[in-house]
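A quick write-up on the structure given underneath.
In this text the structure is predicted, and so the values were computed from the model without any measurement.
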Amino acid sequence: MKSPFAVFRKHQKVLMVALTGLAMFAFIVLDSLTQNMAAFPPIFGALVGVGLGWLIVRNSKYTWVALSVGGIAGALIGLQFQTTSTTQAAVTTSFGSITEVELQNAARRRETVNQFLVQAFRAAHTGEENPQMFMLQNYLFGGNGDPQQEALMHMLMMREADKVNFYVSDQQVSDYISQATSNKLSGGDYIKILRQMGLSDNELFNLIREQIASQSLRRELMPRYVATPENFWDYYQKMNVRQELATVSVAVEAFKSEVGEPTDDELKALFEEHRENFPSGSDPGFRQPPRVKLAYLEVDYDTVAKSVPDVTDEEVKAYYEANKEDYRNQTADPFPSQFGEEMEGVDGANPFEAPGLNAPMLAPGLPAPVGTDTPATETGDLPGPAMTPPASTSETPAPATPSNPPQPESTSTPAPDGTTSAIETRPFGKSFALIQDQPAPTDGTPAPAGTSTPPPASTTTPAPESTSKPAPALTAPAPAGTSMPAPATTTAPPPATTSTPAPEGTTTMTPPAAAEPLPEFQPLDDALKERIRSQIKRERVMARINEITQSARGGLFNIVAKYANADEDNKQEIAAEIQQAAQAYAKENGLRYVETPFLSPEELQESEDHPIGGSTEPISIRFQRENARTVVEQHFSGPDLASIERQRYLIFDAEDPSTLNRFLHWQVAFKPQHVPTWDEEGVKEQVREAWVTIKARELAHKRADKIAEILRNAEDQTWKEALTDVTETGKEGGQKLNVAYTSPFTWLTRSSAANPNPFAPPPLELPELPMIFGGISEDFMETVFRDLEPGEIGVTESADGRYLHVVRVDNRTDLEEARASFLAAQGSLFSPFSPFQMMTYEDSRNLVRQWNSDIYEKYEVKWVENESE
């Protein structure tokens, strides 16, 4: 058998020449093309022309002529393609057009410099265990924004550098490289990196010089935001000054019927003025957002549920027994059992339970007040008998307590066992419970614990002894002017005798009976049976829906796969076939087939006819649904237009969280955002609606001003009384006006959403005021907090421009008190994590955005790619 290498050995010289030529072409030509793709069309055309010329006349004596003619012709044709691609403007400016290729080249030059710096840093730190790569970040060029926007800003800054003759010397470039590499880059490593990247020393210095000039000038021209004490005072007010509003709303919609028909000239003038803008608040805009047309199959939960058999009682019982641990009653064990028997006291008592009180307690170390006189009960204060401790069994008489002025000899008898006198005290105000007091000896010394103070022998008789510890009694207060014996305590146990019943007129408190302990498991009653039955039924329905969905996905995949293999000329015909096949599949399997019109993200999200817009990816764990992508995100969140268009007829899965209906959906067509033409479908209707809304808003403004004037002249009348016969439009029989009042609110409030940065406070946002229809905006807050003083009446718009609000400011925080608090809180104002510092960051970003807009306006920047569909 002939060796496969025989041909190579026979034509070795020719093939080696060819391989050498291809290698040179790859290293020289292709490498150059990667640096400058604009040169690719003419070179590729010349190669194709040479190849065709050789094939046609390869055996003729005019071969070299044919090769030359073919190469020249191919280069000219390629040059035409190059001219077309490179002259197509991506951006127009005051100094000329900038093409897509020029933007790409600017971005590529920056990437080349960054690539060199990364390799140089690594070479300079060779051998180090953990080189600190983060130190290099400050020396890399470019930002985190859109690459095209960054490339354009670079080119604009180079224009600024030319105007001011901004120059970067070789020494500055050399110093920059040294600083980026921590002065550790050797000459050998430097030359090695240049060879690897195919750069000369001069080329690298020019590239770095360009980046330094652009970045340095940008930093010099960009404004810096410095917050002053007055700014912090402004932030403090936005978060701490509170006020209320009285408001009356006037709807713009109510005045549209009073607007006449516009002329074509009026509509065209409005269209030309706002054709390039998106709508914002009350300002019209006719730039069209991206829109997508979807088709979907819907699996209805209720329909599937009817096909699933009902759950029997036996199945419920079996499920309960198999999952009984899920229905265990959550009963806490007694506290001491958590520590074992060794934690119990000597006598078996619970060491964590406080002992009972033997005497009334006011506070640690405070003696009871002196005196035994019981004051008269105040009418209306704490009705009902006073709670008293049990009487003492001690027979030791106590010394008499003198009274001033002297009282006649008392004829009262001692209280029976189980009752005692009480002194009502309210040391902490009337909202606290009554506290029992114990009299002290006459010399003012607190009675020692465990001793008793006997009453005078001449006025009292010892109470009968009792063997049982009487229950606490509720005793009515004694009449004024009489004295009763004070309670006494003893440490000696009483003799065992029969207990004496409580005298008539006293109420004995009986401790509540101990609650019966809960059973270990919840009983399988009717309520639990129904809950388990619903759970089993839902699980079975969802399992059946998953089966139907998986089967439908397989069937749809076979249907829509035709589109991927279709020729460009046949795709429209294939799309029609897919539509018919999907409709037939839905009808055969009892599913619902739907096609939406072209919908923007907002229209899809809010569509009532197509609930798929509010659906998300199916998630088995329900509380994690917030992390699932929505249908809007599935079809509009591609990194670029091409990736979104590649999703055509790619099948997605979604589930409606409210109904649990399942959807299999795919993109039928897509329209990118664009500036419309006057003749585009639906544009005239959109412009007319905007014109009518503008005119209706003007009428609503006039009406709101009139209502505000009525309220200013209302004098002593309330708003409701002043507007009794006033209608929204001022016409008889119109909608009556409604007066609403807000709760106190501040300009800004902390968001309930967590901050992505766990070390930062929650973000700030405008509060939600439900009675302010149409939402609130910064302009709304500017009016009600800055333009209007407390008690003043004014008119302001809602955030969406659909309502006019007549407002009156009420109950605003006193600014002098707020300023005093502000001055006292300076230590917390300047913390990096204070909300006020976060507000300075936002103001700084807004300042940079405004500066970028000013630069664009200065050079009349306009992105051409957004003007065509």
* So does Arg291 have more than 12 non-hydrogen atoms from other groups sitting under 6.0 Å from CZ? -> yes
* NZ/NE/NH1/NH2 to OD/OE distance under 4.0 Å, Arg688 and Glu261 -> yes
* Asked: Is the backbone N or O of Thr93 less than 3.5 Å from a side-chain atom of Ser97, with the two atoms forming a donor-acceptor pair by type?
  -> no
* **Nearest-0.5 Å distance that lies between atom CD in Gln673 and atom CD in Gln288** => 10.5 Å
* Does Glu617 use its side chain to pair, donor to acceptor, with the backbone of Arg629 at less than 3.5 Å? -> yes
* Shortest non-hydrogen contact from Leu103 toward Ala90 -> CD1-CB, 4.1 Å
* **Any side-chain donor near an acceptor of the partner, Asp843 and Tyr235, under 3.5 Å** => yes
* To do: Applying side-chain contact (heavy atoms from CB on, under 4.5 Å), run through Met153 and Val861 and close with a yes or a no.
  => CA-CA 10 Å; Met153 183 58 69; Val861 172; over 6 Å; no
* Distance, nearest 0.5 Å, that separates CH2 of Trp719 from OG1 of Thr247 -> 7.0 Å
* To do: Test side-chain contact (heavy atoms from CB on, under 4.5 Å) on Leu156 and Tyr856 and set out the steps.
  => CA-CA 9 Å; Leu156 296 179; Tyr856 275 23; 4.0 Å; yes
* Can you find a heavy atom in the side chain of Val784 that is under 4.5 Å from one in the side chain of His805? -> no
* Greater than 12 external heavy atoms within 6.0 Å of Lys736's NZ -> yes
* Would you mind checking if Glu680 and Lys671 are paired as a salt bridge, meaning a charged N to carboxylate O distance below 4.0 Å? => no
* Structure fact -> Tightest non-hydrogen contact, residues Gln717 and Glu721, listed as CA-OE1, 3.5 Å
* Out of Glu778, Gln243, Gln237, which residue meets the side chain to side chain donor-acceptor pair (under 3.5 Å) rule with Trp747? -> Glu778
* Asked: Is any side-chain heavy atom of Leu294 closer than 4.5 Å to a side-chain heavy atom of Leu604?
  -> yes
* Count the heavy atoms of every other residue, nucleotide or ligand shown that sit under 6.0 Å from CD of Gln572, and state whether that count exceeds 12. => no
* Among Ile559, Val560, Ile574, side chain to side chain contact (heavy atoms under 4.5 Å, CB included) partner for Tyr649 -> Val560
* Asked: Is any side-chain heavy atom of Pro290 closer than 4.5 Å to a side-chain heavy atom of Val292?
  -> no
* To do: Look up atom CG in Leu245 and atom CG in Asn811, then write down how far apart they are to the nearest 0.5 Å.
  => 10.5 Å
* Expected output: side-chain Arg712 to main-chain Ile793 donor-acceptor under 3.5 Å -> yes
* **4.5 Å side-chain heavy-atom contact, Phe652 and Gln647** => yes
* Asked: Looking only at heavy atoms, what is the nearest atom pair of Thr796 and Thr783, with distance?
  -> OG1-OG1, 3.8 Å
* Could you tell me the separation between the CD atom of Glu768 and the CG atom of Leu766, rounded to the nearest 0.5 Å? => 10.0 Å
* Asked: Are any side-chain N or O atoms of Thr749 and backbone N or O atoms of Pro767, one a donor and one an acceptor, separated by less than 3.5 Å?
  -> no
* Could you tell me whether Arg159 sits above the aromatic face of Phe95, with NZ or CZ closer than 6.0 angstrom to the six-membered ring centre and within 45 degrees of the axis? => yes
* Asked: Backbone N or O of Val252 within a donor-acceptor pair of the Arg802 side chain at under 3.5 Å?
  -> no
* Side-chain contact test, heavy atoms from C-beta onward, threshold under 4.5 Å: evaluate it for Asp609 versus Thr596 and give yes or no. => no
* Asked: Any salt bridge between Glu160 and Lys858, counting N to O under 4.0 Å?
  -> yes
* To do: Using a cut-off of 6.0 Å, state whether more than 12 heavy atoms not belonging to Glu253 lie near its atom CD.
  => no
* To do: Would you check if there is a donor-acceptor pair between the side chains of Arg849 and Asn852 at a distance under 3.5 Å?
  => no
* Heavy-atom closest contact (Val631 atom, Ile612 atom, distance) -> CG2-O, 3.3 Å
* **Approximate separation, where rounding is to 0.5 Å, of Asn661 CG and Asp302 CG** => 7.0 Å
* **CA sep, side-chain torsions, deciding dist, call: Arg553, Ile651, side-chain contact (heavy atoms from CB on, under 4.5 Å)** => CA-CA 8 Å; Arg553 176 182 285 277; Ile651 300 173; 4.0 Å; yes
* Asked: Is the side chain of Glu102 donor-acceptor paired with the backbone N or O of Thr99 at a distance under 3.5 Å, no angle test?
  -> yes
* Is the shortest side-chain N to carboxylate O distance from Lys256 to Glu689 below 4.0 Å? -> yes
* Structure fact -> Closest heavy-atom pair, Thr746 versus Met239, reported as atoms and distance to 0.1 Å, is CG2-O, 3.6 Å
* Asked: Do any N or O atoms from the side chain of Ser600 and from the backbone of Glu603 form a donor-acceptor pair under 3.5 angstrom?
  -> yes
* Side chains of Ile694 and Leu270 in contact at under 4.5 Å (non-hydrogen atoms) -> yes
* Asked: Would Ser798 and Asp800 count as having a side-chain donor-acceptor pair, cut-off 3.5 Å?
  -> yes
* Please state whether the rings of Phe745 and Phe785 are parallel, tilted or perpendicular, taking 30° and 60° as the class boundaries. => perpendicular
* Asked: Looking at Ile545, Leu297, Asp656, which one forms a side chain to side chain contact (heavy atoms under 4.5 Å, CB included) with Arg662?
  -> Ile545
* Under the 3.5 angstrom rule, does the side chain of His701 hit a backbone N or O of Glu797 as a donor-acceptor pair? -> no
* To do: Measure centre to centre between the rings of Phe670 and His635, then say whether the value is under 6.0 Å.
  => no
* Asked: Hey, does the side chain of Arg703 reach the backbone of Glu728 with a donor-acceptor pair shorter than 3.5 angstrom?
  -> yes
* Asked: Can you tell me how far the CG atom of Leu221 sits from the CH2 atom of Trp851, to the nearest 0.5 Å?
  -> 6.0 Å
* Kindly say whether Glu732 contributes a backbone atom to a donor-acceptor pair with the side chain of Thr727 at under 3.5 angstrom? => no
* Asked: Does Val241 reach the side chain of Arg812, with side-chain heavy atoms less than 4.5 Å apart?
  -> yes
* **Student check: side-chain heavy atoms of Thr693 and Arg697 closer than 4.5 Å** => yes
* Phe286 and Glu273: side-chain contact (heavy atoms from CB on, under 4.5 Å), yes or no, with the steps? -> CA-CA 9 Å; Phe286 307 117; Glu273 183 180 357; over 6 Å; no
* Asked: Looking at Ala700 and Leu804, what are the two nearest heavy atoms and their distance?
  -> CB-CD2, 3.8 Å
* To do: Could you verify whether a donor N or O on one side chain and an acceptor N or O on the other, from Asp854 and Gln850, lie under 3.5 Å apart?
  => yes
